[in-house]
Structures are given as structure tokens and as C-alpha cells.
Number of protein chains: 2
Amino acid sequence: MQVATAPQDVLAHLRQWLDTAGAARLPPERTLAERLGTSRGEVRKALAVLEAEGRVWRHVGKGTFATLGATTGAPATRADPVAELARATSPPEAMEARLILEPEIARRAALRATAVQVAELRRLSAAMRAAASWPDYEELDFRFHELIADAAGNRLLLEVERLVNGVRRAVVWGHLARRPQGPSPDYHSFDEHDAIVDAIATRDRRGAFEAMRRHLDSTARALEEDAE
Amino acid sequence: MQVATAPQDVLAHLRQWLDTAGAARLPPERTLAERLGTSRGEVRKALAVLEAEGRVWRHVGKGTFATLGATTGAPATRADPVAELARATSPPEAMEARLILEPEIARRAALRATAVQVAELRRLSAAMRAAASWPDYEELDFRFHELIADAAGNRLLLEVERLVNGVRRAVVWGHLARRPQGPSPDYHSFDEHDAIVDAIATRDRRGAFEAMRRHLDSTARALEEDAE
DNA sequence: GACGCTGGATTGGTCAACCAATCTGTCGCG
DNA sequence: CGCGACAGATTGGTTGACCAATCCAGCGTC
């Protein structure tokens, strides 16, 4: 089960992926479409733009690949700030920023989230439990936190969240990508996500704050243990 | 009926049409496809690129139109993201983001600031008291808060602070610019700034947090009162 | 004649099925 | 054991039909 992504964000999403992820090969169009919760046509339209810019290279049967080296493209090759920042940020720094930001965002989301947004959060949480691979889970998790920031009803906070979480994803990338199968059924984040959604749904502001803090704490702890 | 056109030339063909033809409206996709001896899909792919560049504008039922006015040169001429965000952000939103972020930043600055940074904060605070105009004060205030974020020792947090405060400055800008003279000698922020620096200098983490919160609170209150 | 409604025609958008190029694992031959 | 041929799976590309928004000519009403 998937939740829709705004059509115009597909291009921006792929742009960021190109700037941050280290892999030369992109996932297949069909996989991208499902992962982003959109149609293959939307993905192809975005890829067509990137191809016209010379940033990707496609070939039937082989796949889609990021253009190596200098993009030398016509457009003024503006570097993605997220990518640049990611190279200058350590995992603990990214985690610290999240811990400052996201509990407060969750608190406001509990106050301002609409029923539609809560329902989407529920769908995303359920989809994460069913994720077949870590990249799938990663993408859903990103959108989960992004949607909470959206529900907080502050455009500036949403943008800050995107920046922080984009950097976080870029920094941690590769950790999880190579694992063969997806998260185990008892992965700690599943229940934590549900707890966050429950608190938001019941307008429990303090509960949302605490649930988010616990979630990020245990994620940070898992990240530390993983490094040993 | 026409002879087939090389697929990649469709884009070039349309580009030339845009540059030469005076008409604002392009022929329908189906007509273009037949005229160029290619498929509608090819035409749509080319148009998608032009649309992403902002050179054409499409709407179902109406047609495809060349963007009026200056084509603004080559790429999609994206405005400064901060300026764009500022237009979509209200003063209370900007203030809310600051209130979430900056007290926590101050707390970390109290832990990690170097002596040089503290000295620089003192200089900035003194300079603000002597500011002859509101724009001067504004600039010094911006650098004051930026330096605290720098002292927090987290590159990502520094960048977030720049984003938030840049938006805040753009949003509030104009409020103060037109006043003839600078802040009065008893402007509330002066002492509040000093309190923040003192707490940081003495490594009083909680004190720095509280001092920053009080400063932003009173600034927010002043902004509200000013609007009445 | 002016205004408004209505039905069909036009137009860009979307989607699912299908196609061809490529990759990959397997089997058989030497 | 090595190697090549074959079959199925994978992947980007293409096509056609269908959909919804819009436009417009024609007609009716006042």
C-alpha cells in the first residue's frame, strides 16, 4: 500500500537523490513509482527532464544511470545544498538537529493535523511494516516525518524539516541499502511510529512530543550500536 | 503527411518555433505530431522539458502557450529559495520556528562556545547598542544569532539557523526600515542579548536556553503590539 | 438584439498493455 | 571444468484508448 506524493515533488525528489546517493544506477522506473506512491508516467516525465539536462542516462534493458563527473549541462549546475551540507555533517550532528526539531513539530502537529493527514499517517505507518526492502522503508519513513511537519501547519518548519531530514538521509545512506531483506517484523520503529500517530490523532500534544522524542532516541541508540 | 523527424530534433524544432514564431499559442499536440511526422508521445516528451524550463504553459482544454515576457535566459531562473519561502511565511510562523530552534541552539552554544566566540558576541552586543539605524541594528542582530549557532558546533544546525533567520529577516523587513532613527537606548533586546552572552560565557546551559527564550518571547510580543 | 444554456468538438492528461533490448541463471556439450 | 547457447526475468520505450477540462457554435428565451 502506498500514499501519493505530490506530482511536482517527484522531480525535486529525484534531483536530491542524484545529488546525495552514491550509487550510479537508479532503481527501475516501476520501483521508483511504487516507492514514491505515484505512477510510472510521472516518474518517466521527471526522468525525461533530467535526461534532457544530461543528468541521467537511460537505456532499455540496462536501466537508468546518473551521469558521472561534471554534469556540464546547459543549466547552471547549481549544487544541491543538501548534498553539500551532507558532506559536512556527521551522523550525530544530524541526529542532534532532529532531536531539537521533530518533537516540537510533532507537538504542533497534534494541535493542527487534519483528519485526512492523520489517515495518511496511518497508511504510511502500515506501509512501513510491509516494506520489502530498506530503501522502500527509508522512503516511507522520510515521507512519514515530512507529513508530520506538513501537518504542523508552518511552511517554514516544513522546509526546515526537509532540509534536516534530507541531510540525515544522505548521511546515513548506504548503511541500510546493502542489507538483503527489509526490516524485521519487530523493528522497534514500527510501534514508535504508531504511538506518534495515536498521540496526534487524540490531540495529545505532550504525548506526541514524548513519542517523537522516544522514537528518535531509540533510533539514535540503534545507530550507535550498529556502528560497533 | 510528413517525413519522419529525428526524435531528438523535436525539442530543437519546438525551441526554434518558440524563438521565432510570434504566436503565443502552439498548435495542438496531435497536430504537431502529424506535422513533424512523429508520435504524440514524442511531442509530449519535448513539451514536458519546455514546461519544466518554464518556457511553455499548458492547460487541458485550452492548449499550450508560450510563456510571455522575457524568457529570462537559459534555465528555469529559480529565485532565491529564501526569498521564495519568505513570501509563503507569515511573521508568526517565522517566530514559531525561531522559538523552537534558538533556545536549544543557545543551550549547546553554552557548552561548546570558544572564548573567541564569546568575545565576538560581546562586541556584537555592544555594537547593537550603538547602532544608528534600524537596518544597521538588524544586520548586527542577524550576525549575533548566527554566531551563536556557529558556536553550537553543529554545521547542520548553523545552516538551519541561517535559513530560519534569513526568512525571518525577509518577512519582517520593512517594518523597521522606515523608522527614522535607530532603536532607543532602552530597547528591550539590549539587556536580553547581554543576558544570553553572560549565560553562554559562564557555561550556564539552562540559563542560556531561558535567556534566549525570554528574548524571543519579548520580541514576539513587541511584534504583536506593534501591529496594533 | 442580448443573454444564457446546451451539446458536441477540441485539447492536454492519464493509464494499462504491449514491445524490444538487455541481463542472468541454467543446462548441455566438449 | 570451461564455455556457449538458450529461456525467462528485468527494464526502458511506445502505443492506443480513454478521461476531464475547456471551448464554441447553435439555439431558445425574453
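Owing to the predicted nature of the structure, the values given are computational and were not obtained by experimental measurement. Computed from heavy atoms alone, side chains included, the values below leave out hydrogens, waters and symmetry copies. Every chain is numbered from 1 and lettered A, B, ... according to where its sequence line falls, protein lines coming before strand lines.
- Using a 3.5 Å distance cut-off with no hydrogens or angles, the side chains of Glu29(A) and Thr64(A) do not pair a donor with an acceptor.
- Taking five base pairs at each end of the helix from dG1(C)-dC30(D) to dG30(C)-dC1(D), the local helix axes there meet at an angle of 10°, rounded to 10°.
- Between the side chains of Arg98(B) and His145(B), at least one donor-acceptor pair of N or O atoms lies under 3.5 Å.
- Proximity of Ser39(A) to the phosphate of dT14(C): no side-chain N or O atom is located under 4.0 Å from OP1 or OP2.
- When the C1' atom of dG16(D) is taken as reference, atom CD of Glu34(B) falls 16 Å away, rounded to whole Å.
- A salt bridge is absent between Glu93(A) and Arg155(B); no separation between the charged side-chain nitrogens and carboxylate oxygens falls under 4.0 Å.
- Residues Arg58(B) and Glu51(B) are paired through a salt bridge, judged by an N-O separation under 4.0 Å between the basic side chain and the carboxylate.
- For the residue pair His215(B) and Glu102(B), no side-chain donor N or O sits within less than 3.5 Å of a side-chain acceptor on the partner.
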Protein and nucleotides 11-13 of chain D: nitrogen or oxygen contacts under 3.5 angstrom:
{"from": "dT11(D)", "atom 1": "O2", "to": "Gly61(A)", "atom 2": "N", "distance (Å)": "3.4"}
{"from": "dG12(D)", "atom 1": "OP1", "to": "Thr64(A)", "atom 2": "N", "distance (Å)": "3.3"}
{"from": "dG12(D)", "atom 1": "OP1", "to": "Thr64(A)", "atom 2": "OG1", "distance (Å)": "3.2"}
{"from": "dG12(D)", "atom 1": "OP2", "to": "Glu29(A)", "atom 2": "N", "distance (Å)": "2.9"}
{"from": "dG12(D)", "atom 1": "N7", "to": "Arg30(A)", "atom 2": "NH1", "distance (Å)": "3.0"}
{"from": "dG12(D)", "atom 1": "N7", "to": "Arg40(A)", "atom 2": "NH2", "distance (Å)": "3.2"}
{"from": "dG12(D)", "atom 1": "O6", "to": "Arg30(A)", "atom 2": "NH2", "distance (Å)": "3.0"}
{"from": "dG13(D)", "atom 1": "OP2", "to": "Arg44(A)", "atom 2": "NH1", "distance (Å)": "2.9"}
{"from": "dG13(D)", "atom 1": "OP2", "to": "Arg58(A)", "atom 2": "NE", "distance (Å)": "3.4"}
{"from": "dG13(D)", "atom 1": "OP2", "to": "Arg58(A)", "atom 2": "NH1", "distance (Å)": "3.1"}
{"from": "dG13(D)", "atom 1": "N7", "to": "Arg40(A)", "atom 2": "NH2", "distance (Å)": "2.8"}
{"from": "dG13(D)", "atom 1": "O6", "to": "Arg40(A)", "atom 2": "NH1", "distance (Å)": "2.9"}

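- Separating the CZ atom of Phe65(B) from the C1' atom of dT10(C) is a distance of 12 Å, rounded to the nearest angstrom.
- Of the possible donor and acceptor atoms, one in the side chain of Arg25(A) sits under 3.5 Å from a partner among the backbone N and O of Lys62(A).
- Ser125(A) and His193(A) are not linked by any side-chain donor-acceptor pair at a separation below 3.5 angstrom, with hydrogens and angles left out of the test.
- The pair Arg221(B)-Asp217(B) fails the salt-bridge criterion, with no side-chain N (NZ, NE, NH1 or NH2) lying under 4.0 Å from an Asp/Glu carboxylate O.
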